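All remarks here apply to the structure that follows.
Everything numeric in this text was worked out from a predicted model, so none of it was measured. Remember, it's 1-based here, ligands and their atoms both numbered in the order they're listed.
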Amino acid sequence: MASRIPLHHRILLGLLAGLILGSVARSLWGDHAALSWTCEQIAYPLGQIFLRLIFMAVVPLVVAALALGVTELGDVHQFGRVGLKTLFMTLLFSSMAVVIGLLLVNWVQPGRGLPPEAQNQLLTALKGADTQVPIEQAAQAKTLTRTLLDFLPRNPLAEAVRALEGGLIPLMVFALIVGLAMSRVGRERAAPLHALLESLFAVMLKIIDFGMQLAPLGVAALIFNVTVTLGWETLQLLSRYVLVVLTGLTLHVLLVYSLALRTFAGRSPLKFFADIREVLLTAFSTSSSNATLPLALEVSAEKLHIDRATGNFVLTIGATANQNGTALFEGVTVLFLAQFFGIDLSWTQQVTVMAMSIVAGVGTAGVPGGSLPMVVVVLQSVGVPPEGIGIVLGVDRFLDMARTVVNVAGDLTIAACVDPARQRA
Ligand code: ASP
């Protein structure tokens with residue numbers, strides 16, 4: 001039954017219900033066997049149904065999204081210098097975003113502070129019995145050369161089978177190579193595969209949508225379990241995490257975008273942001289780069305006076321492939337959850353998080369919550385339990401609004417920087 005209350009409000013209500021019921025239950029029946037029974041037999045399965053609907057769609061979705069994303073980027077060479085500059089700036093901006101996020105999260109450590117027993121209890125509450133595996137995986141740090149070499153799969157099908165146990169990165173590399181090859185064999189010959197991947201992508205997104213319909217209940221159940229273990233500390237940790245993401249996003253806009261606008265586009269950042277304020281507001285209220293695209297195209301040509309062909313090209317590609325805010329958010333979320341569960345990530349694993357968050361930016365759909373499957377992927381690849389997304393989901397919509405603003409502002413900034421006319425608005 002479709003409810004009139006928007007989904008993101010229902011998810012927030014789920015978070016609050018989980019928090020309140022969890023802390024009441026904890027203070028009234030803290031040690032009671034009936035409470036552990038409720039956690040194991042009711043809250044745990046409820047949370048799992050929601051999570052598994054998302055997890056089951058992740059692997060095919062990622063393969064389709066990345067192959068399609070690269071095919072689009074493959075068009076870049078047709079646009080010569082502008083295309084290459086766009087590609088370069090996309091990678092540069094995304095890397096800087098992730099670096100800002102990772103520096104902040106390592107400095108502030110928003111997820112630290114839980115005693116190890118609470119962390120073990122939490123893992124069991126969220127994951128059931130098989131919690132040791134990811135922690136062991138995370139502990140086995142490989143050398144950098146070996147890590148990089150292992151990204152190239154020998155047998156992509158075998159990697160697909162064990163994708164959720166650590167084979168996702170090689171599978172993603174395979175998808176990237178497939179995308180590259182598709183853009184080289186010519187449109188006509190790639191068309192059937194392209195259509196198949198597009199349809200696979202749409203169907204998997206639908207399955208995630210089914211999962212999201214259960215999110216209010218799933219989030220309530222997961223947060224209930226977390227709060228029974230931790231009490232109100234859950235809220236404290238979550239608010240620190242939100243603050244770190246928001247600070248990172250603000251710093252990225254102030255430092256990276258403003259500097260790029262001044263140096264590469266010769267524009268005043270203040271005037272630029274004033275000119276695009278409607279676009280930013282639309283991005284904030286829709287949480288979708290795709291939905292904001294038509295207005296961004298108009299403002300780019302009419303107010304910023306960016307060459308129309310350049311604007312069309314950069315903004316259309318950017319709406320799906322250039323997601324700086326999302327990349328920053330993903331890096332912070334993965335490290336926050338690693339801290340939360342007490343998993344120490346080696347520096348090679350942090351570099352993996354960084355690289356994957358950049359790649360994930362390319363594969364993220366420009367729709368509300370588009371980065372959710374990608375966060376699962378990055379979590380999985382470094383051995384942090386992906387069940388953790390249930391913990392951050394309650395506050396995700398708000399962060400989604402904020403990161404979409406940064407995503408869209410990034411597309412317009414790049415368009416202004418690569419604009420051959422460089423007209424000053
Ligand atoms: N909502 C974001 C966008 O459309 C994607 C995401 O980070 O979920 O840009």
Identify whether the distance between the nearest side-chain nitrogen and carboxylate oxygen of Asp209 and Lys206 falls below 4.0 Å. yes
Between Ser289 and ligand 1, which residue portion shows a heavy-atom distance shorter than 4.0 Å: side chain, backbone, both, or neither? both
Considering only distance and modelled atom types, tabulate donor-acceptor pairs under 3.5 Å from the side chains of residues 238-247, sequence neighbours left out.
residue	atom	partner	partner atom	Å
Ser239	OG	Leu235	O	2.7
Ser239	OG	Gln236	O	3.1
Arg240	NE	Pro110	O	3.3
Arg240	NH2	Pro110	O	3.2
Arg240	NH2	Arg112	O	3.2
Tyr241	OH	Thr333	OG1	2.8
Thr247	OG1	Leu243	O	2.6

For ligand 1, which atoms sit closer than 4.0 Å to a heavy atom of Ser288? 4 (O)
If we count only N and O atoms by modelled type, under 3.5 Å, do the side chains of Thr348 and Ser346 hold a donor and an acceptor together? yes
Closer than 4.0 Å to some heavy atom of Ser371 - which atoms of ligand 1 meet that? 6 (C), 7 (O), 8 (O)
For Thr404, counting its heavy atoms only, list the atoms of ligand 1 lying under 4.0 Å from any of them. 1 (N), 2 (C), 3 (C), 4 (O), 9 (O)
Can Arg267 be said to sit on top of Phe272's aromatic six-ring, NZ or CZ under 6.0 Å from centre and within 45° of the ring axis? no
Considering non-hydrogen atoms of the protein only, which is the closest contact for atom 1 (N) of ligand 1, and what is the distance? Asp400 OD1, 2.7 Å
Below 3.5 angstrom, do we get any N/O pair linking Thr326 and ligand 1? yes
With heavy-atom distances below 4.0 Å as the criterion, list the atoms of ligand 1 near Gly369. 8 (O)
Look only at the side chain of Asn407 and the backbone of Asn322, and say whether a donor-acceptor pair between them is shorter than 3.5 Å. no
